[in-house]
Structure formats: C-alpha cells, structure tokens
Q: 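First the structure, then my questions, so here it is.
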Number of protein chains: 2
Amino acid sequence: MARRPAPLSRAALIDAARVELGRRGLRGARVEDITAACGLSKGAFYLHFPSKESLFGALVRRFERALDACFKSRRTRTEAFLAEGPITPRDVEQVSPRYKLLLELEEGEDERTLEVMWEYRDVVAVLISGAQGTPFEGTLWKAVEREAARVANEFRAQQAQGICRTDVPPEVFGAMMVGTYLLLAHRLCRMRAKPDLRSWARSLQALAHQGSIPPPSTFSIPVGTKSKSAPSKARRTQTRPSPRSSP
Amino acid sequence: MARRPAPLSRAALIDAARVELGRRGLRGARVEDITAACGLSKGAFYLHFPSKESLFGALVRRFERALDACFKSRRTRTEAFLAEGPITPRDVEQVSPRYKLLLELEEGEDERTLEVMWEYRDVVAVLISGAQGTPFEGTLWKAVEREAARVANEFRAQQAQGICRTDVPPEVFGAMMVGTYLLLAHRLCRMRAKPDLRSWARSLQALAHQGSIPPPSTFSIPVGTKSKSAPSKARRTQTRPSPRSSP
DNA sequence: GCCAAAAATGACCGGCCGGTCAGAAATCAC
DNA sequence: GTGATTTCTGACCGGCCGGTCATTTTTGGC
C-alpha cells in the first residue's frame, strides 16, 4: 500500500499561493516561496498542480463563477420584482414604499457583490493591478466595462423616457457607479479587517439615487394621471436604471 | 572629431519604450523589442539610459510632476476664489452665479487633470494595472487614496456644518469621486482617439453636485438670516466639499 | 585619406526561476 | 522486516532577458 499524501498539503499550498499572489503578483510570486511557506519542497508543488499559472487560472475561474452568480441573482430578483409591476416616475418622486423595496433589493445585491470581492481579495488584487501583460490581463477590467455598459444602457433608456437627468452622458454615469466599486474593491485588497460592507452598499445607493434623478421640474408633469390611464404606457416607464447595480 | 549621436535616437527610444510599456507592462516590455522598433541594436539602449527600469522611473517622475501641478493649480485657484468670500448654503440652494463660478473653476481643473491622464496614458496603464510587485507598485494608487481622503475630509467637515447630507460616510463619497476618475483614466489608456474630456469633467461634476447636497428640508432653516448676522459664522460655512475635485 | 573619438553592434554573460525527474523517504499490508 | 507504491526532495535543466563589452562602424576636423 502506498504512501498517502499529507492531508493538508494541497490546501496549504493554495492558501500560501494566494498570499504570495496577492502580495507580489502573478510574476513576482515564486513557486519556491509558496512551497517554503508550507514546509515543502519546490517539486511538491507540481504533485498537486500542473503549473503556477494553472493554479492561478483555477482561482480566477472560481472568482468569476462567484461574480456571475451575483450578476444572475441580481437579474433574477429584479425581474421577479418588476414582473409584479413597473416602477413609475411617481414612485421615484415620492420615494414610495414599493420603490424603497427595490432600493433595498439592489442594496442587498451590492452587498453580496462586495462580499465576493472580500472573499477573493487576493485574486482581485492581481486582476486589478498585476495582470498587465499576462494571459489574465483583461479578465476583471472586461467584466468592469461590461457592467458599466449595462448601467449606461439602462440610464440611456430612462433618459429617453424623461425620468432621468439628460445632461449627463450615460457612459460617465456608468463609469461613476462601476469605478467606485473598483476603488472599493482595491481597498478591500489591502485591508486586514473586514469593513462594514452593508454600510458601503447603502451609501453608494443613496448617492447614486439622488445624483441621477431628474431636476424637480420634471415631476411637475402630471405623471400620475398618465400612468393610471395607459397600462401599456406604464410598461414603457419601467424601473429606474438600477444605477447602483454595478459589479 | 567624434561621431555624433543620431539626432532622434533618444526620443525614438523613449517613444518606443512608452508603446511597449503601455502594451506589455514593465516586466513584459523587452529592451530588444524597444530598440528593434527604432532600428537600433539592443546595446544602443544603454548608451542613452542606465537601465529599463530607470527609464520608466523617469517617465513616472514626469507624470507625477504634471499631476502635482494639477493639484497645486486647483488648490491655488480655489483658495484665491474663497479669499473673496465663502460659499454659503444659500449659494448652494439657489445655485447662485457665484457658486456657478466655483463649479466652473472645479470643472476646468478636472478637465486639466484628465488631460494629464491622456498625455501619460501609457505610463498610467502600467501604474494602474501592471505595477504590482514592482518598485512602482503604490505610486498611482497612493495618489488616488490621498486624493480620496482629501475629498472625504472636506465632505466630513461640511457634514458637521449641516450643509452636506449626513447619511453617507465620507470615505464612500471620496471613493466615488476618485474611483470614477480611475475608471475613466483606465479607459483613456485603451483609446486611440482622444475623447471629449470637457464633457466628462462637466458630467462628473453635475452628478456629484446633486448627489451630495443635503435633502431639501435642510434648506428650510432660515439660513440667509444667519449668514447675515454672524460673519464669523459665515466663515465656518466655507465652501462645499469640492466633491468633484478628484485626481 | 588619416586619425581620434564616439556611436553602434550583437555575441556573450550570468542571474532568475518555472518546471523536471532520478533517487530518497514514507506508508501500509503482509 | 520485506516489498510495492506513492509522496516528496532538491539538484539540475533550459529558456528568458537585462545588461556588458570587445569590436566594428561612423563622423568630422585636418
């Protein structure tokens, strides 16, 4: 009967790799340092993983799956909420209970996304500031820009319907929402203690909410009458751009 | 009499280096590729520069000086503006002509900063996404966080004076302003044609302005009376947090 | 054309480090 | 203790690339 692997070797190597990757980047992290941190030889690394890069690739894919799960959850819950009826300009103007529910939904999803960033903060550190010139170069930045584009497109649609301010290019709005998350994510990478992510999410939502609503004069239009008289028109009114719904 | 250096060699090497650095990062950019792009030998590089890293270091210092000049200009012009009198809550509420002047000043400074980002977009690309594990690792991120802290501190002071919303932690507000710039700067690094930076600056300012003002009920306090009766109190009222005054 | 000086060349050097693999060590059933 | 199997070791290999430097080439004054 053969020798058994040390029960904790693999996990220890993964943990040590994450520490080194987060600290020195993909290129700077050395296999020898990783294995030394576990009291193992350099060659032992390759009993568990095909290469340094493929270990990192596996970590990235895990992170991406967690992030995709966040996007999916947000989409599913938002669609279910709106299936019960759209958010009207009146909801927005008066901050109706129903609108508040939507804001809370978004806030919860934002917090969830920040939780993922916290959990994978070593991987995120590499993807943000250490991936240039590596096969993973665009991974996070592409996800960031996709999300910024989604936010921008929603914002643009609302502008066309006159329920969001029109003096701001949608791209800039999207950049604001997503850029903020980016900086917060980068901060997470350097923190030892976990901050209050709920508070972060709530505050972002509050700023974006107030920052994106149209000027008060917009609501002087008899919006309430309209939404009552034309259900099909109410359909077009949809929800606000979910401006806080960034990665 | 000795041979003269080819007149354009040094400049050509700098240009080629910037292209390679922006594309592949500090580690991925190879001296051999840089020199080949200029039709020179590898050894010729070292006739002009002590090392690859020191060339990049010089570029970084030039960028930092340009950025510091932006910060200084903003500070100087804002102080000169405020030396003629503070911005009052009434200015903010009514968007007075004087307040508009301040917003325009800030907008101009923002545009100027974006111009610097555009000019040094290759260096910025490295500093944002390629500096992990190199001697330049914290360079831009530290400047980013310093600026975010400055914005946050101003915001905090205004909160204490009741002229900015109090439901948002200053750190998050700072992150929003500066994070947006970060993402925009990253976009600049990947653009071939220069975008309309004025428009970007104006839009950011507009979002931040509206997003950060206190709820309308705050202004129901007889603010005008106060500011008239107590000049020393007016001093404390100061300006709004310059929320758009990010890097 | 000659000469001196500097630019320029590119083969070479040596450090770094990911990855390899022959041999050693450990494990467990018998 | 033996034997088979697997884990583990660390010296070694080889590619990469920044930097070096002996040699070649170029330039400009005389």
Q: Taking the inter-plane angle between the rings of Phe173(B) and Phe155(B) on a 0 to 90° scale, is it parallel (under 30°), tilted (30 to 60°) or perpendicular (over 60°)?
A: parallel
Q: Just the rounded figure in Å: distance from P of dA11(D) to CD of Glu32(A).
A: 10 Å
Q: Side chain of Arg3(B): nearest nucleotide among dA6(C), dC12(C), dA11(D)?
A: dA6(C)
Q: Across the strands shown, which category fits Ala29(B) at heavy-atom distances under 4.0 angstrom: base, sugar-phosphate, nothing?
A: sugar-phosphate
Q: Identify which nucleotide among dA8(C), dG19(C), dC8(D) has an atom closest to any side-chain atom of His48(B), counting heavy atoms from C-beta outward.
A: dA8(C)
Q: Tell me the interatomic distance from Tyr46(A), atom OH, to dT20(C), atom P, rounded to whole angstroms.
A: 7 Å
Q: In whole angstrom, what separates Leu26(A)'s CG from dG18(C)'s P?
A: 10 Å
Q: Hey, what do you get for OG (Ser199(B)) to CG (Leu114(B)), rounding to the nearest 0.5 Å?
A: 10.5 Å
Q: Expressed as a whole number of angstroms, how long is the span from Arg10(A):CZ to dT7(D):C1'?
A: 15 Å
Q: Is Ser9(B) close enough to dA8(C) that one of its side-chain N or O atoms is under 4.0 Å from OP1 or OP2 there?
A: yes
Q: Kindly assign one of parallel, tilted or perpendicular to the pair Phe136(B) and Phe56(B), based on the angle between their ring planes and the thresholds 30° and 60°.
A: perpendicular
Q: When you get a sec, tell me which of dT9(C), dT9(D), dG19(C) is the closest nucleotide to the side chain of Lys42(A)?
A: dG19(C)
Q: Rounded to whole Å, how long is the line connecting atom CZ of Phe56(B) with atom C1' of dG19(D)?
A: 20 Å
Q: Rounded to the nearest Å, what distance is computed from the CG atom of residue Leu47(A) to the P atom of nucleotide dA26(C)?
A: 15 Å
Q: Please give, in whole Å, the distance from dA8(C) C1' to Leu8(B) CG?
A: 16 Å
Q: For a 4.5 angstrom cut-off between non-hydrogen side-chain atoms, does Leu59(B) reach Leu21(B)?
A: yes
Q: Over all strands shown, is Lys52(A) touching base, sugar-phosphate only, or nothing at heavy-atom distances under 4.0 angstrom?
A: sugar-phosphate
Q: Would you say Arg65(B) and Arg61(B) make side-chain contact, with heavy atoms under 4.5 Å?
A: yes
Q: Give the nucleotide from the list dG18(C), dC8(D), dT9(C) with an atom nearest to the side chain of Ser41(B).
A: dT9(C)
Q: Return the value, rounded to whole Å, for the distance between atom CZ of Phe45(A) and atom P of dC17(C).
A: 15 Å
Q: Does OP1 or OP2 of dC17(C) have a side-chain N or O of Arg30(A) closer than 4.0 Å?
A: yes
Q: Mapping Gly28(A) and Ala44(A) to their closest nucleotides on DNA chain C, which lands nearer the 5' end?
A: Gly28(A)
Q: Quick check for you: among dT9(C), dG19(C), dT20(D), whose closest atom lies nearest to any side-chain atom of Ser51(A)?
A: dG19(C)
